[in-house]
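Worksheet for the structure shown next.
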Amino acid sequence: MILAGQYVRDLLETAPGASVTARGWVKTRRDGKNVHFIQLNDGSSPTDLQVVVEQGLLAPEVIARITTGASLTVEGDLVASMGKGQKVELKARSVVIHGTADPEEYPLQKKKHNLETLRPLGHLRARTNTFGAVFRVRNALARAIHQFFQERGFLYIHAPVISSSDAEGAGSMFQVTTLNLEAGKPADFSQDFFARRAYLTVSGQLEAEILALAFANVYTFGPTFRAENSNTPRHLAEFYMIEPEMAFCDLNDDQDLAEAFLKSLIGQVLADCRPDLEFLSKWYEPELFQNLENVLAGPFERISYTEAVSLLQKSGKNFEFSTEWGCDLQSEHERYLTEELFKKPVIVTNYPRGIKAFYMRLNDDGKTVAAMDVLVPRIGEIVGGSQREERHDALRDRIREHAATGMHEENYWWYLDLRRFGGVEHAGFGMGFERMMMYLTGMKNIRDVIAFPRTPGNAEF
RNA sequence: UCCUCAGUAGCUCAACGGUAGAGCAUUCGGCUGUUAACCGAAGGGUUGUAGGUUCGAAUCCUACCUGAGGAGCCA
């Protein structure tokens, strides 16, 4: 295996003179009269290691098998490069070919491919420069998320992937069953594996609330599932979500944390992955650094829903959808606020109760709830959160209001119990991991920031 | 799910009612401390699928499949 300090990334930073071993996959080979050049990469760096093979070291039929995609181990000496483009190169003493890649059949060429072309090649696209950069950023982002919360004493918790909550309506959830379901036959779910209907989770929030009321500050970071038939560049059926939940916390604290969170993540990834971001900026989003630094530059704009509606009405824009108070903000409204009016992240708070979830805390006006959405240019809503309703009777009443949509008070006995025993004001938010990835990498389609995207009609690999 | 657009060589595209083409890739030859290498030649196609109109369809029409963008839903 490749040990720490022996990745291509490390070798490129090693002083000339060292005797080293490099392992990886061939990007390209170029042949000179007296020498062959092999671009080798192990996925650790956006820059390849140039391997120099002098004429005579390998038989011509061996050289011929070193083509794009082949896997190699090369032993040799790191030497100062005679050519431009790299400080050091590996002068080979021995080359072992582990696996070849028939150039007549290997689909990846040493030219640029469309992202759409690469998508059906999910088993090979990780070897490209673009996906190398994307997945390294993904790793750095995940680490930055844990670091942010760990530094603040948050407990990393694991919400269940299988949930029996039917609050969201079965239409948007994947059902989990071991029964042999047949169309037209009524199923007896009391005989099912969990002795009830079960689903893949659409959110770990309710469980996070339980643990927040024991550990004060907690966060989840795990897979989430939505069975919506959404065919857009921003939606996945399986995605990762981060959900912090804080006791002794109101909506202002919630906003402060969300803003600090986003700034911390961007700052950390800018520091950790600059060469990758430069590559992505060059090929996919020229304004990437400008966008990211703009988030760090100053405080987010914070406005209430009511102010947002007023600003939309005064905008002079001809919106397709209504901007009347009580209507939800549409994509076009969110884009106007964050991209045109404020040109920076905007937090919109205190939405009408009718368009938000039952667990959000009812404000004193009786008309709005303590919700917040963080909107960013290019992506739209990247964070959604709220202060939760901690008053038992108020929460019970809201659940009863939703009875018509299939919510049953008895299913929420434990959720209500949290308000009976040591309840306290608390708040939290959810951030889509892949949405944040899109913002950080400049990728325009969410299917290109996750290794194996699950979308309607697609679960290959 | 709805609306719009697009499917032509391995890849990126041209031809828009009259014999299916180029660049890159591949193979072969040449040149070269090269780095999106360069020069020359060759191979490579049931134009997404199925119907229809026409003397003749990649081109026009219909349906379906696949993909992309927009919308809804949301993270």
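As a basis for the values below, the full set of heavy atoms in this structure was taken, side chains included, without hydrogen atoms, waters or symmetry mates. Below, chains carry the letters A, B, ... as their sequence lines are ordered, and counting in each starts from 1.
Under the side chain to side chain donor-acceptor pair (under 3.5 Å) rule, A/Y359 has a single partner from A/R388, A/Q205, A/E389, which is A/Q205.
Looking at heavy-atom distances under 4.0 Å, A/N34 makes no contact with the nucleic acid at all.
Side-chain to base pairing of A/H235 with B/C74: one donor and one acceptor N or O lie within less than 3.5 Å of each other. Between the base of B/C74 and the side chain of A/S230 there is no donor-acceptor pair shorter than 3.5 Å. Evaluation of atom-type donor-acceptor distances gives a pair under 3.5 Å for the side chain of A/N231 against the base of B/U1. A donor-acceptor contact under 3.5 Å is formed by the side chain of A/E89 with the base of B/G33.
OP1 or OP2 of B/G67 has not a single side-chain nitrogen or oxygen of A/R447 nearer than 4.0 Å. OP1 or OP2 of B/A71 sits under 4.0 Å from a side-chain N or O of A/R335. Regarding contacts with the backbone of B/A68, a side-chain N or O of A/R119 is found under 4.0 angstrom from either OP1 or OP2. Taking only side-chain nitrogens and oxygens, A/T117 comes nearer than 4.0 Å to OP1 or OP2 of B/U12.
Relative ring orientation between A/F433 and A/F221 is described as tilted, the plane-to-plane angle lying within the 30° to 60° band.
Residues that satisfy the ring pair (Phe, Tyr, Trp, His ring centres under 6.0 Å) test with A/Y351, not counting sequence neighbours, are A/Y305.
Between the P atoms of B/G18 and B/G67, the separation comes to 32 Å (whole Å). Rounded to whole Å, the separation between the P atoms of B/C65 and B/U49 comes to 15 Å.
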